[in-house]
Amino acid sequence: MGAEALTQSDATTLKITTRTLDISGRAATVKGIVDASGRSGLVLDPAARFRVDLSNNLNEETIVHWHGQIPPNVMDGVSNTNPMIAPGTSRSFDFMPRSGTYWMHSHVPAQEIDLLAAPLIVRSPWDIANDRQEVVMFLHDFSFRSGEEILADFTSGAAMDHGRVQDGSQIGAKPRQIIGSHSSDPMQMPGMAGMDHGAMAMPGMDHGGMTMDLNDFEFDAHIANDRTLDDPEIVPVDKGGSVLLRIINASSMTAFWIDLGGSNGELVAVDGDLVEPSYGTRFGVAMGQRLDIEVRIPTDGTTVPVLALREGARERTGLILAPAGAQVPKIATMSDNTHPAFSGDVSLETALRAKHPLAFKRPDRTHMVMLGGAMSPYSWTINGQLWGRHTPIAVLQGERIEMMFHNMSMMAHPMHPHGHVFQVVNVNGMQIAGAVRDTVHVPAMGMVTVAFDAGEVAPWMLHCHHMAHMATGMMTELDVRSV
C-alpha cells in the first residue's frame with residue numbers, strides 16, 4: 001500500500017463496502033473504504049481540498065470519522081451530532097484538511113473491529129520537496145469472528161445488539177438524557193464514583209504491586225496492509241534511498257512496538273504533526289496513533305523488515321523494504337520471546353518535543369478527567385459515568401484548556417478528543433513541552449495532561465480508542481460553548 005498521490009477526480013468517490021482477504025490461506029470477508037479504483041483509502045496532494053462523496057454499499061447503516069482531521073462538526077462523522085448513513089445512500093464532505101498521516105474509520109465499534117477503516121494521507125509541500133519514497137503501513141488486529149460477536153463476549157450477557165450498550169442507546173448516538181452536574185458551577189466536572197480496584201488482578205505486567213492488563217482478547221491474526229507475515233507485502237526500494245514510513249495503528253485493541261531491526265529510524269512526526277527528530281530502532285504506537293519514521297536503505301542491497309510487535313505477547317506482523325535483487329527473508333508470525341509492554345513505558349512520550357508547539361498561554365480552565373473501569377463486569381468509565389448517562393465536559397470557545405487524564409484503572413487508555421489537537425504538557429508529574437497529538441496513551445495508574453484551545457461551538461466526542469472500552473461506555477462529550 002504505497003503513498004502514490006491521487007488526482008482530485010480520483011479522490012472524489014469513496015465507497016464503504018466489503019472486501020475479501022487471504023489470511024494465512026483462509027478467505028475472510030471484511031469491511032473497508034475504497035476509492036473508485038478499488039484502492040484502500042485516500043491520498044491528497046498539497047493544497048487539495050477534502051471533497052468526497054461517500055457511499056454506503058453495506059446492508060447496514062454506518063458512519064465514518066476522519067481521525068485527526070478537524071472538519072466542521074456537521075462533517076465529523078459521529079452520530080452524536082451527525083445522522084447515520086443508511087444502506088444505499090451517500091453523503092458529501094468538503095473541508096480543508098490538515099497535512100500529515102491520518103486515517104478514516106467507522107465510528108461503530110463493531111464495524112471498526114471488522115476493518116471498516118483506511119489510510120488518509122495528506123501530503124505537504126515539505127513532503128514534495130524532500131523527494132523521498134513514501135510507504136504506508138496500516139496495522140490492524142483481525143478475527144474470523146464478527147465484531148458484534150467479539151463485543152458480545154466482553155459484555156458477559158449484557159445487551160449488546162448492533163452497537164447498543166446496556167441502557168439501549170446506540171454507540172455514538174446522542175443520549176436521550178444528559179444528567180446535569182450536581183455542582184453549583186455548571187462548568188465544573190463532577191467527581192468520580194467510587195471504584196473497587198482491589199479485585200483487578202489480571203495476567204499482564206506487574207505495576208506497583210497490582211497487575212496491569214495488556215491484551216484482553218486473542219485475535220486470530222495481526223495484519224499490515226491486509227497481509228500477515230506468512231505472505232507480507234514486499235515493497236521495492238532503492239539501495240541507499242530514503243523512505244518515509246507512514247505507520248497507522250488502526251487496531252481495535254492492540255498496541256505495538258514498531259521494530260526496525262538493525263536499522264536506525266528517525267521519528268519526524270506523530271499523529272500528523274512534526275516533532276523534533278528522535279532516533280531509535282524501536283518505537284511504540286497505541287491504537288489510533290500514527291508514526292512517521294524516516295529510514296535509510298542500506299547501500300549493500302540488504303532488506304529492511306519493518307515489524308509490528310504486539311506488546312506483552314509473541315505475535316507480530318509487518319512488511320519488508322527490499323532493493324532489487326535482495327534476498328527476502330522468511331519471518332515467522334511469532335517471535336521467539338515475548339515482547340515487552342509498551343503501555344506502561346512513557347519514555348518516548350516524555351522525550352518527544354513538538355516542532356510547532358502551542359503558543360504559551362496560561363490555562364483559562366482545567367479539568368481532571370478520571371478514567372476507570374474493571375474487567376468483571378466488563379465496564380469502563382469516564383468520570384465514573386458510562387456513555388448515555390454521562391455529564392459532558394464543558395469549556396468555552398477560545399479558552400486555553402488543560403485537561404489531566406487520571407487513569408485509575410489497570411489498563412492503559414488511548415484517549416482521543418474529536419475536533420481538536422493538543423500538546424502533551426505533563427506525564428506522571430513531569431512537565432514537558434511534548435508532542436502535538438490527537439490521541440494520547442494514558443498508562444495504567446498514570447496521569448497525562450494535555451493543553452489545547454477550545455474550537456468550534458459543538459458537543460465533540462471524547463473517548464478511549466480501545467474499541468471494547470468505548471463500546472462498553474468509555475465515551476463522553478467535550479461540550480464547547482459560546483462565550
Side-chain angles (χ1 to χ4, degrees), residues 49-52 54 61-85 91-98 102-109 120 169-181 185-190 271-272 288 358 363-367 369 382-383 385-403 405 415-423 436-440 450-465 470 473-483:
R49 290 187 66 84
F50 185 88
R51 289 194 183 97
V52 166
L54 179 69
E61 64 180 9
T62 187
I63 197 162
V64 172
H65 170 58
W66 321 107
H67 188 116
Q69 292 294 328
I70 309 180
N73 183 265
V74 295
M75 298 183 185
D76 186 43
V78 62
S79 57
N80 69 322
T81 53
N82 302 182
M84 299 289 284
I85 305 173
R91 185 168 300 163
S92 296
F93 300 83
D94 187 354
F95 61 88
M96 198 66 201
R98 305 179 71 239
Y102 299 94
W103 63 301
M104 57 187 91
H105 62 84
S106 170
H107 219 268
V108 179
L120 171 56
S169 61
Q170 185 174 336
I171 291 294
K174 188 73 172 179
R176 290 184 292 272
Q177 180 181 10
I178 298 293
I179 301 173
S181 171
D185 179 1
M187 303 294 284
Q188 183 175 332
M189 182 192 72
D271 294 2
L358 294 182
D364 299 299
R365 191 178 307 276
T366 61
H367 279 285
V369 178
I382 296 177
N383 294 333
Q385 299 173 331
L386 299 173
W387 172 256
R389 297 190 286 275
H390 65 280
T391 303
I393 299 169
V395 300
L396 296 180
Q397 185 179 41
E399 286 185 324
R400 171 63 56 86
I401 307 300
E402 283 199 359
M403 182 176 289
F405 293 108
M415 299 304 298
H416 172 57
H418 290 214
H420 297 79
V421 295
F422 52 77
Q423 185 171 12
V436 172
R437 285 190 173 279
D438 56 56
T439 308
V440 67
V450 303
F452 61 92
D453 296 321
E456 179 189 347
V457 173
W460 295 95
M461 199 67 79
L462 168 62
H463 62 90
C464 175
H465 226 282
M470 175 181 164
M474 201 166 200
M475 186 160 58
T476 188
E477 290 170 305
L478 176 67
D479 187 9
V480 181
R481 303 176 181 178
S482 59
V483 178

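Heavy-atom basis, side chains included; hydrogens, waters and symmetry copies ignored.
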Nearest non-hydrogen partners of [X] and [Y], listed with the distance:
X    : Y    : answer
L462 : L478 : CB-N, 4.4 Å
A454 : I401 : CB-CG1, 4.4 Å
D76  : W460 : CG-CZ3, 3.8 Å
F95  : M75  : CD2-SD, 4.1 Å
F50  : P97  : N-CD, 3.6 Å
L54  : I85  : CD2-CD1, 3.8 Å

query = Does E477 offer a backbone N or O that forms a donor-acceptor pair with the side chain of N80 under 3.5 Å?
reply =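 Judged by distance alone, no pair lies under 3.5 Å.
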ask   = Can you check whether M84's main-chain N or O pairs, donor with acceptor, with E61's side chain at less than 3.5 Å?
value =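 Side chain of E61 to backbone of M84: no pair is present.
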ask   = Partners of R98 by side chain to side chain donor-acceptor pair (under 3.5 Å), sequence neighbours excluded?
value =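 Y102, D273.
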query = Got a sec, which residues hit side chain to side chain donor-acceptor pair (under 3.5 Å) with D271, two or more places apart in sequence or on another chain?
reply =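 R437.
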[X] side, atom [atom1]; [Y] side, atom [atom2] - distance, nearest 0.5 Å:
X    : Y    : atom1 : atom2 : answer
C464 : W387 : SG    : CH2   : 14.5 Å
D364 : R400 : CG    : CZ    : 8.5 Å
L396 : S482 : CG    : OG    : 8.0 Å
M470 : M475 : CE    : CE    : 4.5 Å

Heavy-atom side-chain contact between [X] and [Y] under 4.5 Å:
X    : Y    : value
F422 : P417 : yes
N82  : H107 : no
I63  : R91  : yes
N73  : V480 : no

task = Scan H65, H390, H418, H67 and name whichever one has a ring pair (Phe, Tyr, Trp, His ring centres under 6.0 Å) with H463.
result =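 That would be H418.
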request  = Identify, with sequence neighbours excluded, every residue that meets ring pair (Phe, Tyr, Trp, His ring centres under 6.0 Å) alongside F452.
outcome  =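 Per chain and number, F452 pairs via ring pair (Phe, Tyr, Trp, His ring centres under 6.0 Å) with H420.
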task = Take T391 and Q385 through the side chain to side chain donor-acceptor pair (under 3.5 Å) test and state the conclusion after the steps.
result = CA-CA 8 Å; T391 303; Q385 299 173 331; 3.1 Å; yes
ask   = side chain to side chain contact (heavy atoms under 4.5 Å, CB included) with M415: which of D438, V369, I382?
value =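 With M415 as partner, side chain to side chain contact (heavy atoms under 4.5 Å, CB included) holds for just one option, I382.
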key: Lys/Arg N to Asp/Glu carboxylate O, D94 vs R51, below 4.0 Å   =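 Counted as a salt bridge, because a side-chain N and a carboxylate O are separated by less than 4.0 Å.
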message = Working note: V440 + V450, criterion side-chain contact (heavy atoms from CB on, under 4.5 Å); need CA distance, chi angles, decisive distance, verdict.
response = CA-CA 9 Å; V440 67; V450 303; 4.3 Å; yes
ask   = After noting the C-alpha distance and the side-chain angles of H416 and W103, does the key distance pass the ring-ring contact (aromatic ring centres under 6.0 Å, His included) rule?
value = CA-CA 13 Å; H416 172 57; W103 63 301; 8.6 Å; no
